[in-house]
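The structure presented is a predicted model; accordingly, all values stated were derived computationally and were not measured. Counting starts at 1 for both ligands and their atoms, in listed order.
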Amino acid sequence: MTDSESAAARLAMVRDNIALAARSAGRPAAGIDLVAVSKTWPAEAIVPLIAAGQRHFGENRVQEAQAKWPALRAAHPDLVLHLVGQLQSNKAAEAVALVDVIHAVDRPSLVAALAKAMDASGRRPACYLQVNIGDEPQKAGCAIGELPALLAAARDAGLPVVGLMCVPPAGIEAAPFFALLAKQARDHGLPGLSMGMSGDYETAVLLGATVVRVGTALFGSR
Ligand SMILES: *Cc1c(COP(=O)(O)O)cnc(C)c1O
């Protein structure tokens, strides 16, 4: 297979798996956005997926996104760019200028930096609040107990908060963590659920994900 045939085949497989999981859950597959996480991959690896119809892409570092995406976006104005990784407050303005969706808002200082950047630029990327759903000391995300205050701060600051995001603990069954994030989103009246990666996106869809972030299953291992 050529690179573009294999990219199209991998994309079709992931989409089929999402559709199957959605059907099992009695949900419309159209309600689930597949974000192709292209971190570390050059434009040459991304173009075949765009050609195969993929529109949502994700990066985890602002600098890498700035290097890769302006040219791709100029050529394909309908792409939707997501920032899925941790964001430093001093990169907030650059992130707001570049991306359409920010998945890792996890602390009041970042809320303030994003609000300032949005007010200055007039751009308002949709935001997900990241929750440290497994309560892991080394992991990004706000503690579940801090979520009400963070959400209030984000809403007060005028951020367009659309949902919650998590990266569950590695190496153990993700389902309970996805269920817990879904409950938090329900309790706070948030419609969006950004959860599920290459190893567990079908489980995430079964438990209500509205956005799955898939890298390896689409691009190969990094
Ligand atoms: C890299 C990354 C992904 C994609 O991970 P894969 O296992 O390669 O699918 C999803 N979400 C975040 C936050 C990431 O950093």
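Side-chain atoms of H103 and C127, non-hydrogen and from C-beta on, never get closer than 4.5 Å to each other. With contacts defined as side-chain heavy-atom distances shorter than 4.5 Å, the pair Y128/L190 does not qualify.
The ligand atoms of ligand 1 that sit less than 4.0 angstrom from a heavy atom of T216 are 6 (P), 7 (O), 8 (O), 9 (O). When each atom of ligand 1 is checked for a heavy atom of R213 under 4.0 Å away, the hits are 4 (C), 9 (O), 10 (C), 11 (N), 12 (C), 13 (C). Each of the following atoms of ligand 1 lies closer than 4.0 Å to a heavy atom of V214: 9 (O). Short contacts between ligand 1 and S198, defined as distances under 4.0 Å to a heavy atom of the residue, involve ligand atoms 6 (P), 7 (O), 8 (O), 9 (O).
In summary, of the residues considered (I46, L79, V35, L34), a side-chain contact (heavy atoms from CB on, under 4.5 Å) with Q54 occurs for L34 alone. The only option from D200, T210, L20, I32 that meets the side-chain contact (heavy atoms from CB on, under 4.5 Å) definition with V205 turns out to be I32. Of the candidates E64, K68, E59, E59 is the only one forming a side chain to side chain donor-acceptor pair (under 3.5 Å) with S38.
Minimum interatomic distance between L150 and V105 (heavy atoms only, all atoms of both residues): CD2-O, 4.0 Å.
Residue R222 has at least one N or O atom closer than 3.5 Å to an N or O atom of ligand 1. An N or O contact shorter than 3.5 Å links G215 to ligand 1 by distance.
Remark: minimum distance from atom 13 (C) of ligand 1 to any protein heavy atom is reached at V84 O, 3.3 Å.
When K39, M165, Q130, M197 are ranked by how near their heavy atoms come to atom 1 (C) of ligand 1, first place goes to K39.
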